Amino acid sequence: DINKYPQKIILSNMNKYLLLLFPLFLLTCESPERIWDNPNDSQNNPVITVISPNGGEYWGTGLIKNITWNSDYTSASNVAIKLYNNGIYNVDIANQENNDGSYTWNIPTNFSTSFNYKIRVSDYNDSTIYDESESSFAIINMDMIFEDDFSSNLNWQTSSYGNFEYINGKFRISSGGDAAYQHYAYKNITPFGGYFEYLVNIDYISGGGGGYGAGIKSADNDIYYFLIRENNHSFLKWGSGWTTLRENECCVEDSGVMKLTYDNSIMRLYYNGDYIDSYAISNETFLGIYLYADMDMEIDYDNIRLYLYDL
């Protein structure tokens, strides 16, 4: 009866509405940190990340290498690039470089060999914003023991099958109609081992279904080939037959710079500066270098270089 119990009815209604409003109050009265904090929002935390060298690389004096980095959520238009050795500042590489993610460094020839170098990239205007190589890399004195840019007569030995010729200042290997065979050129070198780097510039012209690339012959007469094949990079050994050591799905046939490095225990493979894979080969001595293209592949080779690290 509303006339008999007016206060009770009113209170009951208030409780009803309070109960309805209370969950809404909880939802809308979270702390400001929980409402506005976004774990993916790093605008207040500018970040620089060194990509290369990031540890484990062997860079030779006198060579040209790319230092690369990413910068996120920073307005820095310039960066400083410094070199450290054993955690101690060594030298400025670039003091006010454009923050475009890459710097081409011509490594001076007077650097001391060390396996404990790191690169630091920092905001030019705020040195507290920086990153450095995750682990140490090496800078080593290097001696070039072989080079051929094919500016003179061909001085490589060749396989019995295939066609070998100079075209536009480059050395072209093609099938010459013998598409079912291996086609290769090779150069015997004074035996070498230890630490070395073998680089080959490669231009894909035509063909498919086969493989092409560079190789190194061991004292056991096994040839280790780093090949670009259809949709993969492969590391293979040719002895009495083919043995696949490593295979990485990647790409279609293309052009670039192929590099093999060896540190007396591990062969590492790089393509266009990117690390591809590695394979353990301990205390091996090598006797020659190879250029290879099989089946109906037509490939141009140029600027062949073999460096021996002077340790």
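Note that the structure is a prediction, hence the values are computed from the model and not measured. Below, each value reflects all heavy atoms present in this structure, side chains not excepted, and no hydrogens, waters or symmetry copies.
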Check: [X]/[Y] side-chain N/O donor and acceptor closer than 3.5 Å:
| X | Y | result |
| --- | --- | --- |
| N201 | R305 | yes |
| D294 | Y292 | yes |
| D92 | Y89 | yes |
| D149 | S151 | yes |

With a 4.5 Å cut-off on side-chain heavy-atom distances among I, L, V, M, F, W and Y, is there a chain of contacts connecting [X] to [Y]?
| X | Y | value |
| --- | --- | --- |
| Y271 | Y225 | no |
| F146 | Y224 | yes |
| I289 | I299 | yes |
| F196 | Y279 | yes |
| Y270 | V200 | no |

Parallel, tilted or perpendicular: rings of F150 and W156 (30°, 60°):
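W156 vs F150 ring planes: tilted.
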
Angle between ring planes, F171 versus Y301, binned at 30° and 60°: parallel, tilted or perpendicular?
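Rings of F171 and Y301: tilted, 30 to 60°.
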
Say you draw a straight line from [atom1] of [X] to [atom2] of [Y]; how long is it, rounded to the nearest 0.5 Å?
| X | Y | atom1 | atom2 | value |
| --- | --- | --- | --- | --- |
| N90 | I119 | CG | CD1 | 9.5 Å |
| L291 | K187 | CG | NZ | 11.5 Å |
| K237 | D220 | NZ | CG | 8.5 Å |
| R120 | S133 | CZ | OG | 10.5 Å |

Determine, stepwise, if the pair N99 / S77 fulfils side-chain contact (heavy atoms from CB on, under 4.5 Å).
CA-CA 5 Å; N99 187 17; S77 57; 5.7 Å; no

Looking at W59 versus F137, is the centre-to-centre ring distance below 6.0 Å?
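Distance test on ring centres: under 6.0 Å, yes.
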
Could you tell me whether F226 and F235 have their ring centroids closer than 6.0 angstrom?
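Ring centres of F235 and F226 not closer than 6.0 Å.
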
Take N66 and T104 through the side-chain hydrogen bond (donor to acceptor under 3.5 Å, both in side chains) test and state the conclusion after the steps.
CA-CA 5 Å; N66 288 327; T104 301; 3.1 Å; yes

Check against side-chain contact (heavy atoms from CB on, under 4.5 Å), T261 and E57
CA-CA 10 Å; T261 68; E57 296 88 347; over 6 Å; no

If you count the non-hydrogen atoms of other residues, nucleotides and ligands that lie under 6.0 Å from [atom1] in [X], is the total more than 12?
| X | atom1 | result |
| --- | --- | --- |
| Y161 | OH | no |
| E134 | CD | no |
| N168 | CG | no |
| Y166 | OH | yes |

Just jot down the side-chain hydrogen bond (donor to acceptor under 3.5 Å, both in side chains) partners of N283, sequence neighbours excluded, or say none.
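Per chain and number, N283 pairs via side-chain hydrogen bond (donor to acceptor under 3.5 Å, both in side chains) with N264.
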
Sort out for me which residue in D302, D203, D300 forms a salt bridge (Lys or Arg N to Asp or Glu O under 4.0 Å) with R172.
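Only one option passes, and that is D300.
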
A side-chain contact here means heavy atoms from C-beta on lying under 4.5 Å apart; do P191 and L287 qualify?
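Answer yes - side chains close enough.
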
Can you find a heavy atom in the side chain of W105 that is under 4.5 Å from one in the side chain of L83?
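Yes; the side chains approach each other to less than 4.5 Å.
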
With Y212, the side-chain contact (heavy atoms from CB on, under 4.5 Å) member among I205, L227, I202
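Option passing the side-chain contact (heavy atoms from CB on, under 4.5 Å) with Y212: I202.
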
Run the side-chain contact (heavy atoms from CB on, under 4.5 Å) test on I223 and I216 for me, step by step, so that the C-alpha distance in whole Å, both residues' side-chain angles and the decisive distance to 0.1 Å come before the verdict.
CA-CA 6 Å; I223 306 172; I216 298 182; over 6 Å; no

